[in-house]
Chemist: 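Below is a structure I'd like to ask you about.
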Amino acid sequence: MSYDNENIFAKIIRGEFDCIKVYEDENTIAFMDIMPQADGHTLVIAKESAETLPDLSDAGAAACIKTVKKIVEAVKTAMGVSAATVMQLNGAGAGQSVPHIHFHVIPGSILGARPHAREMEDQDKLKGFAEKIITALG
Ligand code: 5GP
């Protein structure tokens, strides 16, 4: 299937739609999930136009994992938890709702977490978590 340039994450990459950003480099962006499954739920996206992991170049995948590693550590520190879940859904059949490659970094365990992409979180609360994550990133 061809890549949909109008998906919400493509718009965030182009600066056409806002996000609460915690990190950006040449190849990736990390920002707060607006319908978090746990406090501090952060998304890492590739800037490359790819829908699923197999669509992503090896270099893009390496860049994403490098950022995911940083975010896992920062989220653990920021949220005061000893563990974090990394989740990546491939295709609508797996429950992927935004057709642009991304990794979820969810503080703590996914088991017993809030439902996926269900309830909008208060923006100020998300900004507060983002500040803590930015501080933890150093
Ligand atoms: P997926 O279902 O594709 O694996 O995950 C997409 C994630 O993006 C969901 O967790 C959902 O809450 C989040 N999301 C959907 N729309 C937006 C948005 O406009 N901004 C942000 N920051 N997150 C979004």
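Order of listing sets the numbers, starting from 1, for every ligand and every atom in it.
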Chemist: Measuring from atom CG of Asp55 to atom CD1 of Ile101, what distance do you get when rounded to the nearest 0.5 angstrom?
Modeler: 8.0 Å
Chemist: Considering only non-hydrogen protein atoms, determine which one is nearest to atom 22 (N) of ligand 1 and report residue, atom name and distance to 0.1 Å.
Modeler: Met32 O, 2.9 Å
Chemist: Heavy-atom contacts with Ile8 under 4.0 Å: which atoms of ligand 1 show up? List them by number with element.
Modeler: 19 (O)
Chemist: Could you walk me through whether Thr28 and Ile45 pass the side-chain contact (heavy atoms from CB on, under 4.5 Å) test, one step at a time?
Modeler: CA-CA 6 Å; Thr28 65; Ile45 71 172; over 6 Å; no
Chemist: May I ask you to identify, for Leu89, whether its side chain, its backbone, both or neither come under 4.0 Å of ligand 1 on a heavy-atom basis?
Modeler: side chain
Chemist: Would you kindly specify which portion of Phe103 sits under 4.0 Å from ligand 1, judged on non-hydrogen atoms: side chain, backbone, both or neither?
Modeler: neither
Chemist: With a 4.0 Å cut-off on N to O distance, would you call Arg114 and Asp39 a salt bridge?
Modeler: yes
Chemist: Which of the atoms in ligand 1, numbered in the order shown and given with their element, are less than 4.0 Å from a heavy-atom of His116?
Modeler: 1 (P), 2 (O), 4 (O), 5 (O), 10 (O)
Chemist: Give the numbers and elements of all ligand 1 atoms closer than 4.0 Å to a heavy atom of Ala117.
Modeler: 9 (C), 11 (C), 12 (O)
Chemist: Give the single entry among Glu121, His104, Met35 that approaches atom 4 (O) of ligand 1 most closely by any heavy atom.
Modeler: His104
Chemist: Establish whether Val72 and Met87 are linked, either directly or via other cluster members, by ILVMFWY side-chain heavy-atom contacts under 4.5 Å.
Modeler: no
Chemist: Nearest non-hydrogen atom to atom 5 (O) of ligand 1 belongs to which of His41, Met120, His102?
Modeler: His102
Chemist: Show me which atoms of ligand 1 lie under 4.0 Å from any heavy atom of Ser97.
Modeler: 1 (P), 2 (O), 3 (O), 5 (O), 6 (C)
Chemist: Hey, what's the ring geometry for His41 with His104, parallel, tilted or perpendicular (30° and 60° as the breaks)?
Modeler: tilted
Chemist: Pull out every atom of ligand 1 sitting under 4.0 Å from any heavy atom of Phe17, numbered as shown with elements.
Modeler: 19 (O)
Chemist: State plainly whether the residues Glu24 and Lys47 are in salt-bridge range, i.e. N to O under 4.0 Å.
Modeler: yes
Chemist: Can you tell me if Ser57 and Glu48 form a side-chain donor-acceptor pair at under 3.5 Å?
Modeler: yes
Chemist: Is a side-chain donor-acceptor pair under 3.5 Å present for Glu51 with His100?
Modeler: no
Chemist: Apply side-chain contact (heavy atoms from CB on, under 4.5 Å) to the pair Thr42 and Asp33, showing each step before the final yes or no.
Modeler: CA-CA 5 Å; Thr42 305; Asp33 193 304; over 6 Å; no
Chemist: With a cut-off of 4.0 Å, which atoms of ligand 1 are near a heavy atom of Gly95?
Modeler: 2 (O)
Chemist: How does Leu43 reach ligand 1, if at all, at less than 4.0 Å between non-hydrogen atoms: by side chain, backbone, both, or neither?
Modeler: side chain
Chemist: Of the choices Leu126, Asp33, Ile101, which has the non-hydrogen atom that lies closest to atom 13 (C) of ligand 1?
Modeler: Asp33
Chemist: Looking at ligand 1, does any of its N/O atoms fall within less than 3.5 Å of an N/O of Val98?
Modeler: yes
Chemist: List the closest protein heavy-atom neighbour of atom 8 (O) of ligand 1: residue, atom name, distance to the nearest 0.1 Å.
Modeler: Phe9 CZ, 3.4 Å
Chemist: If the threshold is 4.0 Å, N to carboxylate O, is there a salt bridge linking Glu6 and Arg14?
Modeler: yes
Chemist: For atom 16 (N) of ligand 1, which candidate among Ile106, Ile45, Ile34 provides the closest heavy atom?
Modeler: Ile34
